[in-house]
Amino acid sequence: MKEKHTFSAYKEKFMRFWKKGTLQKTSRITYDVIWNVILFTLITLCVGIFLMAGVGAGYFASLVKDEPIRSYESMKNDIYDYEATSRIYFDDNKLIGELRSELHRDEIKLDDVSDVLIDAVIATEDQYFHQHNGVVPKAIVRAVLQEATNSETKSGGSTLTQQLIKNQVLTNEVSFDRKAKEILLAMRLENFFEKDEILEAYLNVIPYGRNAAGENIAGIQTAAKGVFNVDASELNLAQAAYLAGLPQSPSAYTPFTNKGEMKDDDGLQAGLNRMQTVLRRMVDEEFITSEEYEEALAYDITDDLRESMPSPRDDYPVLTEQIEKEAKDILQVILAEEDGYTEEDLADDADLKEHYRQLADQDIRRKGYNIHSTIDKEIYIAQQKVAKEYAYYGPDQTNEKGETKRIEMGSALIENSTGRIISFVGNRDFTRGESEYNYAFNVPRSNGSTMKPILPYAVALELGELQPGGPVPDVEITVGPENHVPSNYSNRYYGIVSAREALAKSHNVSAQQVYDRVIDQDPVTNYGLKMGIPFHPNDFGTHSVSIGGMTEGLSVAENASAFTTLANDGKHADMYMIDKITDHDGEVIYEHEQTVEEVYSPQTAYLTIDMMRDVLTSGTGTYLPDQLSHGGVDWAGKTGTTDDYADAWFVGVNPKVTMASWQGYEDKKLGVDYCPGCSIPSYSHRNLKMWAELMNVASDINPDLVAPKESFKRPDGIVERSYCLISGKLPSELCKKAGLVQTDLFNEKYVPTEEDDSLISGSYVLVDGKAVKAGSNTPSEFVKGDGLAFNPAFLKENGYDELDDISQLFPDKNRDLWEKISVGGSDVGSTLNDDGKDPAAPGTPSKSGGNISWSKSSSKDVVGYYIYQASGPDKDFKKIGHTTGTSYSISGNDAIYRVVAVDYFGRSSKPSKEVTVGSFKDPDEDKDDEKDKDKDKDEDKDDEKNEDKDKDDDKDKNKDKDKDKKDDDDDSDDEHEDENEDVEQENESDDE
C-alpha cells in the first residue's frame with residue numbers, strides 16, 4: 001500500500017510540474033541553443049572549406065600563373081618529341097648498329113606491344129587509368145598528407161598521364177610548383193588525346209635502366225630487346241611483369257651493370273622482388289588468375305636475360321666513328337641553313353661552325369635518325385680481315401723517344417662515276433676506333449710520286465705542253481725562281497726520255513721539268529683543288545708539289561678520289577659515304593646529290609691512264625699483276641714513296657673503281673724500307689701485295705663492279721703519230737737516219753705539225769765511242785763525211801747549251817744510237833780540250849790468226865791508230881793502214897809491226913812496242929840484244945805504268961757502269977723508285 005501511495009504521489013507531483021510548462025520551456029531553449037550551435041558550426045565549417053578551397057585555388061593559380069596555355073599542336077610536339085637513338089646502316093639497309101647516346105630508345109606503336117605488358121603497367125602504375133581524367137584526387141590528397149606529415153610511406157600520386165607530362169614537358173624537379181603544373185597539364189592532355197595515344201607515348205619514353213651492352217635505355221621496345229632480346233609484342237607474363245617493375249627505380253632494378261655484365265644474385269634480387277609485386281597487383285586487379293600468378297612466380301626469368309651484347313663500336317669502331325663524323329658534317333650545314341647561314345659562313349667563322357657542330361651532335365644523339373651509308377658490308381668485312389691478317393707489313397721499330405711503333409696502313413675503294421665510297425680500311429687492327437687512328441680519312445700524309453700523273457703530267461697534257469711520247473729532259477737544269485736543281489733518288493740523270501717512260505719509271509727530275517712548263521697556269525687552283533686535293537696556301541707556286549711535297553698532305557681517301565677523275569673521263573665526282581638520312585618517321589631530311597666537276601678533257605684523262613698502264617707493265621709497279629687473282633682487268637696505277645721512306649703508296653684504277661693503299665709508321669722519322677730478313681724485302685712490293693690482297697677479296701665478292709672485263713674506252717680525238725724522240729716533232733730524214741723515230745698516242749689537237757730540226761749533218765769522228773764534229777786538224781782518215789750532230793740552234797733554244805756535258809742528253813735506252821750524234825765542234829763549243837800533249841802510246845801488239853791487236857791508248861782524245869810495217873833488215877817502217885779500232889788484218893808475210901795512236905788534234909804518240917810475225921830476224925838483233933833488253937825493261941816499265949793507268953781507268957768505268965746498272969736495276973725492280981727525296985729541302989727553300 002505504501003509503495004502504491006508513493007508512486008501516485010510522484011505522478012501527481014510531476015503532473016502539476018508539467019502543467020506549469022517549465023520543462024517545455026527549458027527544453028525548447030536548450031534545443032534552440034544546440035541547433036544554433038550546430039548550424040553555426042556547419043556554416044563556419046563550410047565557410048572555412050570554401051575559404052581553404054579559395055586559398056588553395058589561389059595558391060594553385062599562383063603556382064601555375066606562368067604556365068602558358070598550351071595548344072594541341074604544342075602538346076603533341078612535346079609529347080612525341082622522343083629522345084630516340086640514331087641508327088647507321090650498310091648500303092643494303094643492313095643495320096650496322098646504334099650510335100652512341102646518353103639514352104637509347106626505339107619508338108614502337110601500341111598495337112605492337114603485348115597486352116600482358118599493358119596490363120602489368122596499368123596494374124602497377126595507374127589502376128584507374130581508364131577512369132580518371134588525368135589525375136586521381138584522393139591519390140593527390142594522400143600524397144600531400146604523406147608529404148606534410150613526413151610519412152615514411154609515400155605511395156605517390158602520379159597517374160601515367162602525369163608521369164608522361166613530367167618526362168616530356170616538365171622536369172624531374174621535386175616542388176609544389178612543378179606538381180601543380182603537372183596536374184594542370186595532365187588534365188589538359190586528357191582533353192586533347194585518347195587514352196591509347198597517352199599510353200603509347202608513355203611506353204615510348206619511360207626509362208628502363210640498362211641493356212646488355214651497359215647502355216641507358218628508355219621505351220618498352222628498347223627494353224624488351226635490350227633485356228630479353230625479344231620484341232615488345234612477344235613478351236610473356238613473367239617478362240612483362242619484370243619490365244613493368246623497372247621504371248620505379250631503373251638503376252636499382254636493372255639486371256645489368258654499366259659494362260653490360262649481368263649482376264650477381266644479390267644484385268638481381270631487387271628486380272625479382274619488384275616483379276613479384278607487379279604480379280600480385282595484377283592478381284588484385286584481376287588481370288591474371290591465381291594459377292597464372294603462381295606459374296609466373298615459378299618461372300626462372302634469369303634464363304631469359306640477354307647475354308652481353310656488343311655495341312657497333314665494338315664490331316665496327318672505325319666505320320661507326322667515320323659515319324657519325326660524316327653525318328655531323330651534313331647536319332651542321334642543314335641546321336645552319338635553316339637559320340639563314342651558308343656553308344661558306346661556317347668555313348669563315350670557327351665559332352659559328354663550332355656552335356652548329358654542337359647542335360648537330362645533340363640532334364644525332366636524340367632525334368633517332370636513320371643514317372644510310374654507301375659501305376658494302378661484305379667487302380668491308382673481308383678487307384678488315386685481310387688487313388688484320390696480312391703477313392708482310394715489316395717489323396716494329398723504336399723511335400727516338402724509345403717508343404715501339406708498328407707499320408700502319410690505310411686504304412679506300414671508290415666508285416669512279418659517282419664518288420661512292422664502297423669500302424675502306426682505317427688501320428691494321430679494326431678494333432681501334434679512335435679517329436686519330438683512321439689512316440684512311442683522318443691522317444694526312446704526303447702522297448709522293450702518286451701526285452705525278454694527276455697534277456704535272458695531266459696538266460701538261462691538258463694544256464698541250466706535252467704528249468705521252470713527248471721528250472722530257474732528265475738533265476741537270478734549274479727550275480723556278482729559286483734556281484732549284486732537282487735530282488733523282490739515284491743521284492743520276494736519265495737524259496731525254498719520253499713522258500711515258502719518265503712517269504713509268506717515276507723520275508723526279510722529269511716531273512719537275514714538266515711542272516715547270518705549266519706552273520704559271522696555277523695548276524693547284526685550276527686543277528688540283530677541283531679534284532678535292534686539300535692543298536695548303538704554301539703549296540701554291542712551288543715545284544716540290546709536283547712530286548708530292550705538300551705542306552700538310554692528304555688522306556688515303558682523298559688521294560683515291562683524285563685519281564677517280566682520270567678514270568671518269570676527266571670529271572671528278574665528290575666522294576661521299578652518306579647516301580641519305582631520314583628521321584624516325586622515315587621522312588628524308590638529306591639525300592646525296594651528285595656534284596661533278598670537269599677537270600680534264602676525256603682525251604687528257606685517257607692519255608694519262610694509258611701512260612699509267614706502263615707503270616704496271618714496264619715501270620715501278622711490275623710486281624703487281626702477278627699478285628692479282630682476277631685476270632683480264634684493265635688496270636693502270638702509280639706507286640709513290642716519300643722522303644726517308646716515310647710512306648709507301650699505290651693507287652690503282654680500272655674503268656669502274658679506284659683503290660688507294662698506304663703504309664707507313666705513325667712516326668714519320670721511321671722508314672718503311674727497314675725490313676731485315678723479310679721474305680719480301682722491297683717496301684714497295686709489300687705495299688703492292690697488300691693492295692692486291694685487298695682488291696682480290698673485293699673482286700671475289702663483286703667482280704662486276706670491282707673487276708670489270710671492259711677496258712677504258714678510247715675517246716674520239718686520240719690518234720697515233722710517229723715523231724722524233726729528240727724533239728717530239730715530226731720525223732726528219734736525219735732523225736730517221738739516226739733511228740730515233742717512235743710512234744705513240746696523241747691528242748688530235750696537239751699532234752706535231754713541224755718537222756724535227758734537232759739534228760744537222762756533217763763530218764765527225766768517234767772519240768771514246770762518241771761522235772764529235774771533226775776539227776780543222778783532225779786527220780781525214782778518221783773523219784766520216786756523212787755524220788750527225790745536234791743543231792746548235794736546237795740546243796740553245798732548249799737550254800741544253802748550258803750543260804757541262806751534252807752527253808747528259810743520251811738516255812740509257814738505245815744509247816748506242818744516241819752516241820752516234822756529235823756532241824762537240826766549233827759551232828757549239830768543243831767539249832774536247834787541247835792539252836797540247838801527244839797521246840799515250842797504245843799497248844804492245846800481239847798476233848792472233850790473221851790479225852794483230854793491241855790495247856787502246858789511255859788518252860781520251862784518240863780518234864784512231866796508224867799501223868806501221870818493216871820487212872827489210874834496215875827496219876824501214878812504212879805506214880800500211882789505219883783504223884779506229886784496236887785490231888788490224890795483216891797479210892801474213894814475215895815482218896815487224898808497230899802501232900801509233902793519233903788524237904783529235906792530229907798529234908801522234910810514240911810507237912808501240914814491236915811485234916814480229918813469221919821467221920824474219922833482225923841482223924843487228926844479236927848485237928843489240930842486251931841493249932834491247934835494257935830498253936825493253938824501260939819500255940815494259942812504261943807500258944806497265946800505262947797499263948796500270950788503263951786498268952785504273954777501266955776500273956773507274958766499270959764502277960760507273962756497275963753503279964748505272966744498279967740504278968737501272970733498282971728502277972726496274974721498283975725497289976728504289978725515284979721519289980720525293982727533295983721534298984723537305986724544297987719546302988725549306990720555299991719557306992726561305
Side-chain angles (χ1 to χ4, degrees), residues 376 378-394 407-416 422-428 430 439-440 447-450 504 506 556-557 559-560 563-564 567 609 612-641 647-664 672 675 678-709 711 972-975 977:
D376 184 295
E378 289 187 67
I379 294 178
Y380 181 83
I381 292 174
Q383 289 193 333
Q384 309 312 304
K385 187 173 186 292
V386 167
K388 187 174 184 179
E389 297 177 358
Y390 186 63
Y392 306 102
Y393 283 115
I407 289 181
E408 283 295 351
M409 60 78 63
S411 71
L413 177 63
I414 302 177
E415 186 176 41
N416 299 328
I422 301 167
S423 179
F424 72 92
V425 182
N427 51 51
R428 285 172 60 177
F430 66 89
Y439 289 95
N447 65 343
S449 288
T450 59
S506 200
V556 177
N559 209 15
F563 270 78
T564 63
I609 289 289
M612 288 164 54
R613 286 169 170 152
D614 285 18
V615 173
L616 305 183
T617 57
S618 61
T620 56
T622 54
Y623 178 81
L624 178 67
D626 289 341
Q627 307 302 315
L628 296 171
S629 60
H630 287 248
V633 182
D634 190 5
W635 285 111
K638 185 67 189 78
T639 56
T641 311
D647 308 274
W649 287 90
F650 180 70
V651 186
V653 302
N654 69 33
K656 288 193 174 181
V657 299
T658 294
M659 190 172 80
S661 71
W662 165 89
Q663 287 186 11
V672 294
C675 199
C678 286
S679 57
I680 303 179
S682 166
Y683 66 90
S684 182
H685 290 181
R686 294 195 296 274
N687 184 49
L688 286 169
K689 185 173 182 64
M690 181 189 74
W691 187 96
E693 292 192 11
L694 292 169
M695 183 55 65
N696 287 341
V697 295
S699 300
D700 291 341
I701 293 168
N702 193 344
D704 292 337
L705 173 64
V706 181
K709 295 303 180 184
S711 299
S972 62
D973 190 49
D974 192 31
E975 175 70 24
E977 83 167 307

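The shortest heavy-atom contact between Ile701 and Ala382 is CD1-CB, 3.8 Å. The two residues Gly631 and Lys709 have their closest heavy-atom pair at O-NZ, 2.7 Å. Minimum interatomic distance between Tyr393 and Ala387 (heavy atoms only, all atoms of both residues): OH-O, 2.6 Å. Contact between Val556 and Ser411 at its shortest, heavy atoms only, is CG1-CA, 3.8 Å. Pro681 and Arg686 get closest at one heavy-atom pair: O-NH1, 2.9 Å. In terms of heavy atoms, Gly664 sits closest to Val672 at CA-CG1, 3.6 Å.
A distance of 10.5 Å separates CG in Asn559 from OG1 in Thr564, rounded to the nearest 0.5 Å. In this structure, CD1 in Ile379 is found 6.5 Å from CG in Leu705, a value given to the nearest 0.5 Å. To the nearest 0.5 angstrom, Asn687 atom CG is 9.5 Å from Ser682 atom OG. Rounding to the nearest 0.5 Å gives a distance of 6.5 Å between CG of Asn654 and CE of Met695. Going from atom NZ of Lys689 over to atom OG of Ser679 covers 8.5 Å, rounded to the nearest 0.5 Å. Atoms CE and OG1, from Met612 and Thr617 in turn, are 12.0 Å apart once rounded to the nearest 0.5 Å.
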Note to self: Could you walk me through whether Gln384 and Val425 satisfy the side-chain contact (heavy atoms from CB on, under 4.5 Å) test, starting with their C-alpha distance in whole Å, then the side-chain angles of each, then the deciding distance to 0.1 Å, before giving a yes or no?
What the structure shows: CA-CA 6 Å; Gln384 309 312 304; Val425 182; 3.8 Å; yes
Next item on the list: Using the side-chain contact (heavy atoms from CB on, under 4.5 Å) rule, take Thr641 and Ser684 through it: C-alpha gap first, then chi angles, then the decisive distance, then the call.
Entry: CA-CA 8 Å; Thr641 311; Ser684 182; 5.6 Å; no
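Looking at Leu694 and Gln383, their side chains come closer than 4.5 Å, going by heavy atoms from C-beta outward. Annotation: side chain of Gln627 is not in contact with side chain of Asn696 (no heavy-atom distance under 4.5 Å). Looking at Leu628 and Val633, their side chains never come closer than 4.5 Å, going by heavy atoms from C-beta outward. The shortest side-chain heavy-atom distance between Phe563 and Ile414 does not fall under the 4.5 Å cut-off. Looking at Ser506 and Lys638, their side chains come closer than 4.5 Å, going by heavy atoms from C-beta outward. With contacts defined as side-chain heavy-atom distances shorter than 4.5 Å, the pair Glu408/Arg428 qualifies. Tyr623 is listed as a side-chain neighbour of Ile680, based on a closest heavy-atom distance under 4.5 Å.
Under 3.5 Å, the side chains of Ser423 and Asp376 contain no donor-acceptor pair of N or O atoms. Thr620 and Thr639 are linked by a side-chain donor-acceptor pair at a separation below 3.5 angstrom, with hydrogens and angles left out of the test.
The neighbour count for Glu378 CD, taken as heavy atoms of other residues, nucleotides or ligands under 6.0 Å away, does not exceed 12.
Contacts of Gln663 classified as side chain to side chain donor-acceptor pair (under 3.5 Å), with partners at least two apart in sequence or in another chain: none.
A salt bridge links Asp634 to Arg613: at least one charged side-chain nitrogen sits closer than 4.0 Å to a carboxylate oxygen.
By the 30° and 60° cut-offs, the orientation of the rings of Phe650 relative to Trp691 is perpendicular.
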